[in-house]
Each structure stands twice: as C-alpha cells, then as structure tokens.
Participant: 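Dumping the structure here so I can ask a few things about it.
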Amino acid sequence: MAHSHHEHTHATPSMTKAFVIGIALNAAFVLIEFLVGFLTQSMGLLSDAGHNLSDVAGLVLAMLAFRLSKVHSNRNYTYGYQKSTVLASLLNAVILLVAVGVIIAESIEKFLHPHPVEGGAIAWTAAIGVVINAFTAWLFMKDKEKDLNVKGAYLHMAADALVSVGVVISGIVILFTGWYVVDPAIGLLVAGIIVYSTWGLLRDSIRLSLDGVPEGIHSREIEQTMLSVAEVSGIHHLHIWALSTTETALTAHIVIPDPTQMETVKRALKNLLNEAGIHHATLEFETGTCDCHDECI
C-alpha cells in the first residue's frame with residue numbers, strides 16, 4: 001500500500017489575533033448594551049445583547065476549534081483534533097439559528113404587546129454595535145471562504161451588524177413617530193436575512209460531519225482526473241471526506257497492469273490530487289488480475 005501525505009497550513013497568527021480582538025470588542029459591547037437596555041427598560045437592546053452574547057460564545061468556540069486543529073496527532077487521535085473544526089462550525093450554525101428563534105419570539109411578543117421605549121438611547125447604542133460588528137466581520141472577511149469556522153464567525157458578525165442597523169432604524173423611527181411596532185417588524189426582517197445567510201453554513205457543516213464530499217469537490221470529476229493517468233486502468237473503493245474545515249482526504253484502490261510503474265503512477269496521482277485540493281491521499285495499488293481483498297502491492 002502506498003501513502004501520499006502533504007501537510008497543509010491550517011492557520012496564521014493574524015487569524016488568532018482576529019479572534020482575540022473580535023471576542024474582546026464584542027464582549028465589551030454586550031456589557032454596555034445590557035446596561036443601557038436595563039437602565040432604559042428596552043427589550044430590544046436586552047434581547048440584542050443576548051444575541052450578541054451568543055455570538056461571543058460562537059467566536060470563543062470557533063477560536064478553540066481553530067487552536068485544536070493545530071494540535072499534533074497521537075495514538076488515540078491519529079488525525080489530531082482537526083475534526084473539531086467541523087463540529088464547531090456545525091454548533092455555530094445551530095447557535096445562530098437558535099438566536100434567530102429568540103429574535104422571532106421577541107418580535108412576535110412585541111407585536112402583541114407593544115412597549116414604550118426610548119428611541120434615542122436605542123439608536124445611539126445600536127450605532128456603536130454597527131461599528132463594532134462591522135469591524136469584526138471585516139477581520140474575518142478575506143479568509144471566510146477558506147474555513148467554515150472563519151465563515152461562521154464572519155456570518156455571526158455580519159448578521160449582528162444587520163441586527164444593529166435594524167435597531168438603529170427602529171430607534172430613530174420610534175424617536176420621531178412613537179411607532180413602537182417598527183421595532184418587532186425590523187426584528188422579523190433581520191431574522192429572515194440571518195436564516196438565509198446561515199443556511200449554507202448549516203448545510204455544509206452537516207455534510208462534513210457525515211463525512212460527505214466537501215463543497216467544491218466532485219467525486220466523479222476526481223475519478224476521471226485520476227483515470228487520465230495513462231498507466232491507470234481502473235479505480236474503485238474511492239472515498240473522499242473532510243479531515244477538517246480546510247483539509248480533504250481520499251482513499252482509493254488503483255488498478256495498474258504493470259506493478260513496476262507504481263511509484264511513477266503514485267507521483268502523478270499525488271500531483272493531480274494536490275491540484276484538486278486533496279492533500280491527504282491513501283492509495284492501494286492492484287494489478288488487473290488481483291482481487292482487491294487480497295494483499296496485492
């Protein structure tokens with residue numbers, strides 16, 4: 001059996017710094033928003049503070065998975081803790097959807113029982129949230145397509161920025177018109193936007209948790225690419241799955257009529273798979289007359 005492994009860089013120090021800055025800024029804002037909401041008796045600010053607190057928890061979870069992915073493998077965890085990044089992205093998506101449920105419930109309650117609030121305090125406090133959330137989302141924006149956890153963090157912060165914009169608008173309208181019903185209306189609109197943006201994250205996280213083929217990689221195309229190597233006459237038992245949110249693994253049985261070409265074929269396949277974004281390949285070589293359950297090469 002031949003193994004080809006290529007180490008892939010998981011993360012950069014700047015990304016860890018982005019997580020730390022994001023957690024610190026948002027934790028501070030949660031405290032400020034809660035205090036203002038408590039003093040003004042604004043359910044909008046208090047519920048938004050709870051939503052922001054869930055995002056802080058999500059950032060902490062993502063950073064923890066981010067760090068665990070760097071831990072070296074051992075006898076009990078031969079791939080290390082890379083899979084924790086997939087579990088964290090799934091939990092982050094669930095946290096986002098739970099937060100949306102809270103927003104919807106609060107909005108419906110406000111529709112049924114409108115409560116007078118101080119529009120000016122709501123608008124100014126939420127405006128601070130827009131700046132903090134938008135800045136934090138910007139920290140993760142350039143790497144959001146490289147890792148599901150980074151994408152989850154970006155979506156958390158972008159969603160929070162939208163929520164805060166909605167709260168600013170509702171605060172201004174309430175300040176000048178006294179239409180308290182605007183607050184829950186904005187809440188329901190923002191909840192719909194969050195669900196739409198989070199659905200892809202949830203779908204991809206579930207797929208990777210079930211060892212499905214990662215988004216952007218097509219097993220049939222990979223098989224045809226491998227068969228393009230002249231010495232390869234067949235491929236079976238092809239499996240492709242995610243080791244983490246950034247790394248993909250593959251195993252396959254490769255049929256080659258001439259066993260003396262094994263090393264040449266192995267190098268050719270490794271190069272093709274690396275180009276396709278698969279950096280961990282375990283390849284078993286067989287001759288055309290060998291049963292794949294037998295010990296061949």
Participant: Are I222 and L227 connected in the hydrophobic side-chain network, where two residues link if heavy atoms are under 4.5 Å apart?
Facilitator: yes

Participant: CE of M262 to OG1 of T264: how many Å apart, nearest 0.5 Å?
Facilitator: 9.5 Å

Participant: Applying the side chain to side chain contact (heavy atoms under 4.5 Å, CB included) test to L250, which of I217, T282, L238 qualifies?
Facilitator: L238

Participant: For D204, check side-chain hydrogen bond (donor to acceptor under 3.5 Å, both in side chains) against everything at least two apart and list the hits.
Facilitator: none

Participant: So, for L139 and A18, which heavy atoms are closest and what is the spacing to 0.1 Å?
Facilitator: CD1-O, 3.8 Å

Participant: Does the side chain of V20 reach to within under 4.5 Å of the side chain of M63, using non-hydrogen atoms?
Facilitator: yes

Participant: Between L243 and A249, what is the shortest heavy-atom contact and its length?
Facilitator: CG-CB, 3.7 Å

Participant: Nearest heavy-atom pair of A252 and I235: which atoms, and what distance?
Facilitator: CB-CG2, 4.3 Å

Participant: What is the distance from atom CD of E247 to atom NE2 of H280, rounded to the nearest 0.5 Å?
Facilitator: 4.0 Å

Participant: Which residues pass the side-chain contact (heavy atoms from CB on, under 4.5 Å) test with T260, sequence neighbours left out?
Facilitator: D258

Participant: Decide side chain to side chain contact (heavy atoms under 4.5 Å, CB included) for I174 and W179; before the verdict, give the C-alpha distance in whole Å, the side-chain angles of both, and the deciding distance to 0.1 Å.
Facilitator: CA-CA 5 Å; I174 289 170; W179 296 344; 5.8 Å; no

Participant: Can you list everything that forms a side-chain hydrogen bond (donor to acceptor under 3.5 Å, both in side chains) with E231? Sequence neighbours excluded, please.
Facilitator: none

Participant: With the 4.5 Å side-chain cut-off for hydrophobic clustering, are L87 and V98 part of the same group?
Facilitator: no

Participant: Judged by atom type as modelled, is there a donor-acceptor pair below 3.5 Å linking the side chain of T248 to the main-chain atoms of W241?
Facilitator: no

Participant: I need the L59 CG to I21 CD1 distance, nearest 0.5 Å.
Facilitator: 12.0 Å

Participant: For I172, what residues pass the side-chain contact (heavy atoms from CB on, under 4.5 Å) criterion, not counting sequence neighbours?
Facilitator: A123, V168, F176

Participant: With sequence neighbours excluded, tell me which residues meet ring-ring contact (aromatic ring centres under 6.0 Å, His included) with Y77.
Facilitator: Y81

Participant: Applying ring-ring contact (aromatic ring centres under 6.0 Å, His included), can you list everything that pairs with F34, at least two apart in sequence or on another chain?
Facilitator: none

Participant: Could you give all pairs that pass the salt bridge (charged side-chain N to carboxylate O under 4.0 Å, His left out) test and reach residues 168-181, with sequence neighbours left out?
Facilitator: none

Participant: How long is the span from the NE2 atom in H218 to the OG1 atom in T225, to the nearest 0.5 Å?
Facilitator: 11.0 Å

Participant: What residue pairs, at least two apart or across chains, pass side-chain hydrogen bond (donor to acceptor under 3.5 Å, both in side chains) with a residue in residues 120-135?
Facilitator: N133-S164

Participant: For a side chain to side chain contact (heavy atoms under 4.5 Å, CB included) with E286, tell me which candidate from I256, I254, V255 qualifies.
Facilitator: V255

Participant: Spell out, yes or no, whether V30 and V131 are grouped together once hydrophobic residues are joined by side-chain heavy atoms under 4.5 Å, including indirect joins.
Facilitator: no

Participant: For the residue pair S244 and V86, what are the closest heavy atoms and their distance?
Facilitator: C-CG2, 3.9 Å

Participant: L283 and T251: side chain to side chain contact (heavy atoms under 4.5 Å, CB included), yes or no, with the steps?
Facilitator: CA-CA 6 Å; L283 308 174; T251 60; over 6 Å; no

Participant: I'd like to know if K266 and E263 make a salt bridge, using a cut-off of under 4.0 Å between side-chain N and carboxylate O.
Facilitator: yes

Participant: Using side-chain heavy atoms (C-beta onward) and a distance below 4.5 Å, is S228 in contact with L272?
Facilitator: yes

Participant: How would you list, by chain and number, every residue that makes a side-chain hydrogen bond (donor to acceptor under 3.5 Å, both in side chains) with S170, sequence neighbours excluded?
Facilitator: none

Participant: Any idea which heavy atoms bring P214 and I240 closest together, and the distance?
Facilitator: CD-CG2, 4.3 Å

Participant: Kindly write out the residues that satisfy side-chain hydrogen bond (donor to acceptor under 3.5 Å, both in side chains) with E215, not counting sequence neighbours, or none if the list is empty.
Facilitator: R207

Participant: Applying salt bridge (Lys or Arg N to Asp or Glu O under 4.0 Å), can you list everything that pairs with D211, at least two apart in sequence or on another chain?
Facilitator: K83

Participant: Quick check for you: to the nearest 0.5 Å, what is the distance between I128 atom CD1 and L25 atom CG?
Facilitator: 12.0 Å

Participant: Grouping I, L, V, M, F, W and Y whenever their side-chain heavy atoms are under 4.5 Å apart, do F135 and V150 come out in a common cluster?
Facilitator: yes

Participant: Provide the closest heavy-atom pair for H239 versus H237 in the form atom of the first, atom of the second, distance.
Facilitator: CD2-O, 3.4 Å

Participant: List the residues meeting ring-ring contact (aromatic ring centres under 6.0 Å, His included) with Y154, not counting sequence neighbours, and say none if there are none.
Facilitator: none

